[in-house]
Amino acid sequence: MIYAYPTEGVWGLGCLPDSEEDVKKICFLKKRTLDKGLILVSGYFSHFDAYLSHLSEDLIYKTKSKWPGAHTWLVPANDNVPSWIRGNSDFVALRQSVHPSIIELSEKLNSVITSTSANISSEPPAKNAEEVRNLFGDEVSILEGELGGADKPTPIQNLITDEWIRN
């Protein structure tokens, strides 16, 4: 199942990351290639255990310096990250969110969820549920809610090098 939900700054599309079929459907709906990769989000730090298990305690502590919050870390991917999530990268983007909709959905599914902006590639992202409905109709299950206070997508930073990918 594909969900549309409000995030910190824009509406997102997501699904369970282990569903290759749903990830491909999201990319099809967005007219986006699979090689870009998707962010994994959750309201619960424990949901990231499988994706952080290969990191040192210092690096895990570093993730917590910005989490929970509107900060996405780019982390070296381990074998628990499916290729359809990584895209053509050796990294995976992770964010522990404080947004109520992400907390609710990740709790309901007891998992991280994929996150990508609810839009057609290169078009502006949806800012409300009606725009999502107009774009994707009943191809997605809409989780009602309000956007957070951010005026743009969350920043992305490389956990190892501190390089800003998106600021």
Side-chain angles (χ1 to χ4, degrees), residues 1-30 32 36-53 60-75 77 80-82 84-87 92-121 123-157 159 166:
M1 175 168 291
I2 297 172
Y3 301 91
Y5 51 89
T7 72
E8 294 86 350
V10 300
W11 273 72
L13 292 179
C15 64
L16 288 169
D18 293 337
S19 175
E20 183 178 7
E21 180 182 340
D22 286 345
V23 169
K24 286 181 174 178
K25 184 174 178 182
I26 287 172
C27 291
F28 173 79
L29 290 171
K30 287 177 55 81
R32 170 187 167 153
K36 290 185 177 183
L38 298 173
I39 296 172
L40 298 179
V41 298
S42 176
Y44 298 91
F45 188 84
S46 62
H47 289 165
F48 295 102
D49 288 348
Y51 308 106
L52 300 174
S53 62
I60 291 171
Y61 181 79
K62 186 176 177 181
T63 65
K64 294 178 179 181
S65 72
K66 305 270 186 168
W67 282 356
H71 189 89
T72 301
W73 287 111
L74 196 60
V75 175
N80 295 316
V81 182
W84 53 88
I85 297 298
R86 282 194 328 269
V92 62
L94 306 173
R95 180 172 78 251
Q96 184 188 1
S97 177
V98 294
H99 193 282
S101 295
I102 293 174
I103 293 170
E104 178 185 338
L105 186 56
S106 59
E107 180 177 38
K108 174 184 171 184
L109 299 175
N110 194 28
S111 175
V112 297
I113 51 176
T114 65
S115 188
T116 182
S117 55
N119 65 322
I120 304 302
S121 281
E123 297 292 324
K127 291 288 195 174
N128 57 56
E130 181 156 337
E131 288 181 17
V132 172
R133 275 187 206 88
N134 289 339
L135 285 170
F136 305 113
D138 49 1
E139 296 289 331
V140 301
S141 176
I142 296 177
L143 184 65
E144 296 294 340
E146 300 296 322
L147 290 176
D151 59 356
K152 60 183 181 178
T154 59
I156 300 175
Q157 187 177 18
L159 181 68
R166 180 173 74 196

Practice problem: Using side chain to side chain donor-acceptor pair (under 3.5 Å) as the criterion, list what pairs up with Tyr5, not counting sequence neighbours. | Solution: Ser115
Quiz item: side chain to side chain contact (heavy atoms under 4.5 Å, CB included) between Phe48 and Val75: does it pass, once the steps are laid out?
Solution: CA-CA 11 Å; Phe48 295 102; Val75 175; over 6 Å; no
Quiz item: Excluding sequence neighbours, so at least two apart, what forms side chain to side chain donor-acceptor pair (under 3.5 Å) with Gln96?
Solution: none
Quiz item: In Å and rounded to the nearest 0.5 Å, what is the CG to OG distance from Leu38 to Ser117?
Solution: 10.0 Å
Less than 3.5 Å apart, which donor and acceptor atoms pair up between the side chains of residues 138-150 and the rest of the protein, not counting sequence neighbours?
| from | atom 1 | to | atom 2 | distance (Å) |
| --- | --- | --- | --- | --- |
| Glu139 | OE1 | Lys25 | NZ | 2.8 |
| Glu144 | OE2 | Arg133 | NH2 | 2.7 |

Self-check item: Min side-chain heavy-atom separation Lys66-Thr72 under 4.5 Å
Solution: no
Self-check item: Donor-acceptor under 3.5 Å (Asp22 side chain, Cys15 main chain)
Solution: no
Self-check item: Side chains of Ser101 and Trp11 in contact at under 4.5 Å (non-hydrogen atoms)
Solution: no
Quiz item: To the nearest 0.5 Å, what is the distance between OG (Ser42) and CD1 (Ile113)?
Solution: 7.5 Å
Self-check item: Lys108: side chain to side chain donor-acceptor pair (under 3.5 Å) partners, not counting sequence neighbours
Solution: none
Quiz item: Within a reach of under 6.0 Å around CZ of Phe28, are more than 12 heavy atoms found that belong to other residues, nucleotides or ligands?
Solution: no
Quiz item: Considering only heavy atoms from C-beta outward, does the side chain of Val112 approach that of Pro17 to under 4.5 Å?
Solution: yes
Self-check item: Over all atoms of both residues, closest heavy-atom pair of Ala4 and Leu13
Solution: CB-CD2, 3.9 Å
Quiz item: Do the non-hydrogen side-chain atoms of His71 and Thr154 ever get within less than 4.5 Å of each other?
Solution: no
Quiz item: Given side chains that start at C-beta, do those of Leu94 and Ile39 come closer than 4.5 Å, heavy atoms only?
Solution: no
Exercise. Tell me, with the steps shown, if Val10 and Lys127 meet side chain to side chain contact (heavy atoms under 4.5 Å, CB included).
Key: CA-CA 6 Å; Val10 300; Lys127 291 288 195 174; 4.2 Å; yes
Quiz item: Residues in side chain to side chain donor-acceptor pair (under 3.5 Å) with Lys62, at least two apart?
Solution: Asp162
Self-check item: Least distance between heavy atoms, Val132 atom then Ala126 atom
Solution: CG2-CB, 3.6 Å
Quiz prompt | Gap separating the OG atom of Ser53 from the CD1 atom of Ile60, nearest 0.5 angstrom | solution = 8.0 Å
Quiz item: How close do Ile103 and Gly43 get, heavy atom to heavy atom, and via which atoms?
Solution: CG1-CA, 3.7 Å
Self-check item: Close side-chain approach of Leu109 to Tyr3, heavy-atom, < 4.5 Å
Solution: yes
Quiz item: So do the side chains of Glu20 and Pro82 get within less than 4.5 Å of each other, counting heavy atoms only?
Solution: no
Quiz prompt | Pairs touching residues 110-120 that satisfy salt bridge (Lys or Arg N to Asp or Glu O under 4.0 Å), sequence neighbours left out | solution = none
Quiz item: How close do Tyr51 and Asn80 get, heavy atom to heavy atom, and via which atoms?
Solution: CE2-O, 3.5 Å
Quiz item: How far apart are the closest heavy atoms of Leu135 and Asn119, and which atoms are they?
Solution: CD1-CA, 4.0 Å
Self-check item: Ala77 versus Arg86, closest heavy-atom pair with distance
Solution: CB-CD, 3.2 Å
Quiz item: Can you check whether Lys24 reaches Trp84 side chain to side chain, under 4.5 Å on heavy atoms?
Solution: no
Quiz item: Could you give the distance from CD1 (Ile2) to CZ (Phe136), rounded to the nearest 0.5 Å?
Solution: 9.0 Å
Exercise. To the nearest 0.5 Å, tell me how far Leu40 CG sits from Leu16 CG.
Key: 10.5 Å
Quiz prompt | N/O donor-acceptor pair under 3.5 Å between Arg95 side chain and Ala70 backbone | solution = no
